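What you see is a predicted model; the values in this text were computed from it and never measured. Protein chains get the first letters and strands the later ones, always in sequence-line order, with residue 1 at the start of each.
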Amino acid sequence: MPDRGVEPPAEDDYTELVLAVVERIPPGRVMTYGDIAEYVGRGGPRQVGTVMSRSGAGVPWWRVIRADGHPVRGLEDRALDRLAAEGCAISGDRIRLSVARWNPGAD
DNA sequence: AATTTGACGACCG
DNA sequence: TCGGTCGCCAAAT
């Protein structure tokens, strides 16, 4: 049987796809739940949220934000801390999407 | 098996 | 700009 090594997650393919995308978001940049759903081509924003809530602890979850620019619901302070430390474009309590939004494949 | 919930998003007033 | 409402799509209860 295959050795699982040090990386625990991988409960299913969809989860893996989502986490893989989040892993690629560069520091100081962000993606919305909808962006990720569209990019992986399955499910929707809410499904991405479900995956992150359940299995997002091991990836840069603070770089995944809502479409209105607000950071993750319930963890806003920690997310803003981290993003600020990365030099992300922030305006008040929300991210400047027009500046910080990142698209994989176009990097 | 049916209903409610959730780290969402577009629309509208 | 802000809050209310409805639509979406699985997971959890």
Side-chain angles (χ1 to χ4, degrees):
Chain A
M1 59 190 321
D3 181 359
R4 203 156 285 359
V6 295
E7 291 304 324
E11 304 200 355
D12 65 85
D13 292 335
Y14 186 71
T15 298
E16 240 188 285
L17 281 170
V18 171
L19 296 183
V21 174
V22 176
E23 274 283 339
R24 301 175 43 175
I25 305 176
R29 308 299 297 283
V30 299
M31 280 182 80
T32 71
Y33 294 92
D35 288 343
I36 294 170
E38 183 180 11
Y39 185 75
V40 304
R42 271 210 269 165
R46 309 203 68 142
Q47 177 56 10
V48 173
T50 299
V51 169
M52 289 304 289
S53 177
R54 190 182 166 208
S55 318
V59 298
W61 51 264
W62 56 90
R63 296 176 191 151
V64 182
I65 69 174
R66 295 210 254 154
D68 64 1
H70 280 112
V72 181
R73 194 178 283 278
L75 296 172
E76 310 184 350
D77 292 336
R78 294 181 189 83
L80 285 172
D81 267 355
R82 299 221 183 229
L83 289 170
E86 296 177 353
C88 182
I90 302 175
S91 178
D93 64 342
R94 83 174 67 174
I95 311 306
R96 285 204 208 180
L97 270 173
S98 58
V99 178
R101 197 175 213 162
W102 181 73
N103 185 301
D107 67 339

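Residue pairs that meet the side-chain hydrogen bond (donor to acceptor under 3.5 Å, both in side chains) test with at least one member in residues 26-40 of chain A, sequence neighbours left out, are A:Thr32-A:Asp35, A:Asp35-A:Arg101.
Scanning residues 98-107 of chain A for heavy-atom distances under 4.0 Å to DNA chain B yields an empty list. The stretch residues 67-87 of chain A touches DNA chain B through A:Ala67, A:Val72, A:Arg73, each having a heavy atom under 4.0 angstrom from the strand. Annotation: proximity of residues 34-51 of chain A to DNA chain B (heavy atom, distance under 4.0 Å) is found for A:Gly34, A:Pro45, A:Arg46, A:Gly49, A:Thr50, numbered in ascending order.
For the pair A:Gln47/A:Tyr14, a side-chain contact is recorded, criterion being any heavy-atom separation below 4.5 Å from C-beta on. Taking 4.5 Å as the limit, some side-chain heavy atom of A:Arg42 sits within range of a side-chain heavy atom of A:Asp13. By the 4.5 Å heavy-atom criterion applied to side chains, A:Asp107 and A:Pro26 are not counted as neighbours.
Smallest separation of non-hydrogen atoms from A:Gly56 and A:Leu19: CA-CD2, 4.2 Å. Residues A:Val59 and A:Trp62 come closest through the heavy atom pair O-CZ3, 4.2 Å. Pairing each heavy atom of A:Glu23 with each of A:Gly58, the nearest pair is OE2-O, 3.7 Å. Pairing each heavy atom of A:Gly34 with each of A:Pro45, the nearest pair is CA-CG, 3.9 Å. Closest non-hydrogen pair, A:Ala100 versus A:Gly28, comes out as CB-O, 4.0 Å.
The line from CZ of A:Arg46 to OG of A:Ser53 is 12.0 Å long, rounded to the nearest 0.5 Å. A distance of 6.5 Å separates CD in A:Glu76 from NE2 in A:His70, rounded to the nearest 0.5 Å.
Just one residue in the list A:Val22, A:Ile95, A:Ile25 forms a side-chain contact (heavy atoms from CB on, under 4.5 Å) with A:Arg63, and that residue is A:Ile25. Under the side-chain contact (heavy atoms from CB on, under 4.5 Å) rule, A:Met52 has a single partner from A:Val72, A:Val64, A:Ile36, which is A:Val64. Exactly one residue among A:Leu80, A:Asp93, A:Asp81 makes a side-chain contact (heavy atoms from CB on, under 4.5 Å) with A:Pro71. That residue is A:Leu80.
Spacing between atom CH2 of A:Trp61 and atom P of B:dC8 amounts to 13 Å, rounded to whole angstrom units. Per the geometry, CE belonging to A:Met31 stands 20 Å off P belonging to B:dA7, to the nearest Å. Distance A:Arg66 CZ to C:dC8 P: 20 Å, rounded to the nearest Å.
Taking hydrophobic clusters as Ile, Leu, Val, Met, Phe, Trp and Tyr residues chained together by side-chain heavy-atom distances below 4.5 Å, A:Ile90 shares a cluster with A:Leu75.
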Give me the distances for all protein-to-nucleotides 11-13 of chain B N/O pairs that come in under 3.5 Å?
none

Listing time: all N or O pairs from protein to nucleotides 1-3 of chain C that are below 3.5 Å?
{"unit_1": "C:dC2", "atom_1": "OP2", "unit_2": "A:Arg94", "atom_2": "NH2", "d": "3.4"}

